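Keep in mind that the numbers below use all heavy atoms, side chains included, and drop hydrogens, waters and symmetry copies. Here the structure is a predicted model, which means the values were calculated and not measured.
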Amino acid sequence: MEDRRRKTAVVTGAGSGIGRAVALELMGAGWSVALAGRRVESLAGTARLAGRRPERPHGPAADGGPDGADEARAADGTGAGAAGTDGAAGTDGAAGTDGAAGTDGAAALCVPTDVTRPGDVAALFAAVRDRFGGLDLLFNNAGTFGPGGVPLEELSYDAWRQVVDTNLNGAFLCAQAAFRQMKEQRPQGGRIINNGSVSAHVPRPRSIAYTATKHALTGLTKSLSLDGRPYRIACGQIDIGNAATEMTDRMQRGVLQANGQVAAEPVMDVRDVARTVLHMAELPPEANVQFATVLATAMPYVGRG
């Protein structure tokens with residue numbers, strides 16, 4: 001069991017994109033991190049980028065999630081990202097626990113997880129409890145944009161349901177599991193940071209499912225923040241616009257604007273997002289960033305639409 005003096009975090013959608021960047025920032029600051037996502041090879045790649053040997057849990061969480069890309073297609077660059085492109089799947093696969101921690105003692109626990117499946121989420125947090133003993137932070141990051149560019153009247157119910165299941169139901173399942181563990185552990189408390197989007201404030205064209213779920217996530221954040229007060233559980237939200245990841249390459253090529261034109265948009269370094277999350281995560285329990293907006297300075301947000 002991990003020494004509780006070392007801070008521990010769960011990052012969903014940690015195989016690439018913003019999830020990977022935040023996980024790397026946390027591990028660089030000495031946190032032990034449970035990396036959750038649908039492709040264990042991508043999670044192992046994140047661990048190796050941080051100089052950690054990937055560790056796998058024992059028990060149900062070690063069986064692996066479904067095949068396919070990590071759960072993210074966020075139009076504003078806020079999601080977890082698809083599978084990494086840096087050759088993360090090494091020849092040794094996901095290693096066992098021997099020598100898993102870095103030289104500073106921090107660990108990277110790779111837990112294949114589909115956040116839309118309650119059993120997967122339960123297994124994730126059981127693995128965290130077994131390995132680390134306690135939990136200080138959940139970065140609730142996994143998300144999907146759904147089918148891009150589909151007119152509202154042509155959006156299928158299945159496509160709508162997929163976005164709701166991932167962005168809202170998945171976020172709720174992870175938040176509920178983290179909340180329960182933070183309430184039960186001694187000392188009580190912890191922090192949940194939800195990855196919202198600037199689309200929680202203003203939509204993009206043809207993004208009704210994504211926009212609706214990101215607005216709902218704001219309500220989830222507020223309720224968690226209120227319900228967590230008696231137990232020293234803080235909850236905040238980071239709303240991100242155009243972070244440079246593999247999922248926002250198209251922003252620089254041109255995307256549909258509210259006036260019907262297609263225009264290129266500026267992006268920002270994803271590490272600026274990660275540094276903001278680290279700042280939020282390391283605040284004392286008495287302080288909380290309720291909402292933070294981090295975006296490319298010149299992107300169309302103020303005045304969008």
Inset, instruction - Keeping the roles fixed (side chain from Asp239, backbone from Val198), state whether a donor-acceptor pair exists under 3.5 Å. - result: no

Inset, instruction - Could you state whether Tyr157 and Val150 fall into the same hydrophobic cluster, counting links through intermediate Ile, Leu, Val, Met, Phe, Trp or Tyr residues with side-chain heavy atoms under 4.5 angstrom apart? - result: yes

Inset, instruction - Kindly compute the distance separating CD (Glu153) from CD1 (Ile208), expressed to the nearest 0.5 Å. - result: 10.5 Å

Inset, instruction - Please confirm whether the backbone N or O of Val33 pairs with a side-chain atom of Lys7, one donor and one acceptor, at under 3.5 Å? - result: no

Inset, instruction - Nearest 0.5 Å please: distance from the CG atom of Leu173 over to the CG atom of Leu124. - result: 11.0 Å

Legend entry - Distance in Å, Leu168 CG paired with His215 NE2, rounded so as to fall on 0.5 Å steps: 13.0 Å

Inset, instruction - Identify the heavy atoms of Arg6 and Ser32 that sit nearest to each other, and give their distance. - result: CD-OG, 3.1 Å

Inset, instruction - Show your working on side chain to side chain contact (heavy atoms under 4.5 Å, CB included) between Val267 and Gln252 and close with a plain yes or no. - result: CA-CA 7 Å; Val267 297; Gln252 298 175 79; 3.7 Å; yes

Legend entry - Exam field: side chain Thr221 to backbone Leu217, donor-acceptor pair closer than 3.5 Å: yes

Legend entry - Single-linkage hydrophobic cluster, 4.5 Å side-chain cutoff, Leu137 and Val22 together: yes

Inset, instruction - Give the minimum heavy-atom separation between Ala200 and Lys214, together with the two atoms involved. - result: CB-O, 3.5 Å

Legend entry - Polar contact flag, side-chain donor to acceptor under 3.5 angstrom, Thr116-Asp114: yes

Legend entry - Sidechain-backbone polar pair: Thr245 side chain, Gly17 backbone, donor-acceptor under 3.5 Å: no

Legend entry - Candidate list Leu49, Val11, Val270, test side-chain contact (heavy atoms from CB on, under 4.5 Å), partner Arg20, passing option: Leu49

Inset, instruction - Please check if the side chain of Thr113 supplies one atom and the backbone of Val115 the other of a donor-acceptor pair under 3.5 Å. - result: no

Legend entry - Glu184 backbone acceptor or donor facing Arg186 side chain under 3.5 Å: yes

Legend entry - Stepwise side chain to side chain contact (heavy atoms under 4.5 Å, CB included) test for Leu138 and Cys174: CA-CA 8 Å; Leu138 164 65; Cys174 290; 4.1 Å; yes

Inset, instruction - Treat each ILVMFWY residue as a node, draw an edge where side-chain heavy atoms are under 4.5 Å apart, and state whether Val163 and Phe172 are in one component. - result: no

Legend entry - Partner set under side-chain hydrogen bond (donor to acceptor under 3.5 Å, both in side chains) for Asp165, not counting sequence neighbours: Arg161, Asn169

Inset, instruction - Could you check if a side-chain atom of Leu24 sits within less than 4.5 angstrom of a side-chain atom of Thr46, using non-hydrogen atoms only? - result: yes

Inset, instruction - For Glu265 and Arg250, run salt bridge (Lys or Arg N to Asp or Glu O under 4.0 Å): C-alpha distance rounded to whole Å, both residues' side-chain angles, the deciding distance at 0.1 Å, then the answer. - result: CA-CA 9 Å; Glu265 296 185 9; Arg250 64 191 182 89; over 6 Å; no

Legend entry - Leu256 CG: over 12 foreign heavy atoms closer than 6.0 Å: yes

Inset, instruction - For residues Phe291 and Thr218, determine if any side-chain heavy atom of one lies less than 4.5 Å from a side-chain heavy atom of the other. - result: yes

Legend entry - Atom of Leu43, atom of Gly15 and distance for their closest heavy-atom approach: CD2-N, 3.7 Å

Legend entry - pair Asn140-Thr12: side-chain heavy atoms closer than 4.5 Å: yes

Legend entry - Worked verdict on Gln237 versus Lys222 for side chain to side chain contact (heavy atoms under 4.5 Å, CB included): CA-CA 9 Å; Gln237 181 170 312; Lys222 291 178 179 179; over 6 Å; no

Inset, instruction - Give the cluster check for Ile18 versus Leu278: same hydrophobic cluster or not, with ILVMFWY residues linked at side-chain heavy-atom distances below 4.5 Å. - result: yes

Legend entry - Nearest heavy atoms of Ser156 and Ala159, plus distance in Å: OG-N, 3.0 Å

Inset, instruction - Find out whether Asp227 and Phe179 are in side-chain contact, i.e. whether some heavy atom of one side chain is under 4.5 Å from a heavy atom of the other. - result: yes

Legend entry - N/O donor-acceptor pair under 3.5 Å between Gln188 side chain and Lys183 backbone: yes

Legend entry - Heavy-atom pair with the smallest gap, counting every atom of Leu295 and Met268: C-SD, 3.5 Å

Inset, instruction - Mind checking the CZ-CZ spacing from Arg53 to Arg48? Nearest 0.5 Å is all I need. - result: 9.5 Å

Inset, instruction - Is it possible for you to say whether Ile240 and Met280 belong to one hydrophobic cluster, with membership spreading through side-chain heavy-atom contacts below 4.5 Å? - result: yes

Legend entry - Partner set under side-chain hydrogen bond (donor to acceptor under 3.5 Å, both in side chains) for Glu282, not counting sequence neighbours: Trp31

Legend entry - Residue list, side-chain hydrogen bond (donor to acceptor under 3.5 Å, both in side chains) with Gln290, at least two apart or on another chain: Ser225

Legend entry - Parallel, tilted or perpendicular: ring planes of Tyr210 versus Phe145, cut at 30 and 60 degrees: tilted

Legend entry - Side chain proximity check, Val277 to Ile238, heavy atoms < 4.5 angstrom: yes

Inset, instruction - Check for a donor-acceptor pair, side chain of Ser207 on one end and backbone N or O of Arg204 on the other, with a separation under 3.5 Å. - result: yes

Inset, instruction - Taking all heavy atoms of Pro54 and all of Cys110, pick out the closest pair and write down the distance. - result: CB-SG, 3.8 Å

Inset, instruction - Report yes if some heavy atom in the side chain of Asn194 is under 4.5 Å from a heavy atom in the side chain of Cys235; otherwise report no. - result: yes

Legend entry - Non-hydrogen side-chain atoms of Val10 and Leu135 separated by less than 4.5 Å: yes

Legend entry - Side-chain (Arg180) to main-chain (Ala175) donor-acceptor, under 3.5 angstrom: no

Legend entry - Whether Asn167 side chain and Thr213 backbone form a donor-acceptor pair below 3.5 Å: no

Inset, instruction - Would you please test Val40 and Arg56 for side chain to side chain contact (heavy atoms under 4.5 Å, CB included) and show each step? - result: CA-CA 9 Å; Val40 71; Arg56 290 289 301 277; 3.7 Å; yes

Inset, instruction - Measure the shortest side-chain to side-chain distance between Val273 and Glu25 over non-hydrogen atoms and say whether it is less than 4.5 angstrom. - result: no

Inset, instruction - Flag yes if more than 12 heavy atoms outside Glu286 fall under 6.0 Å of its CD atom; otherwise flag no. - result: yes

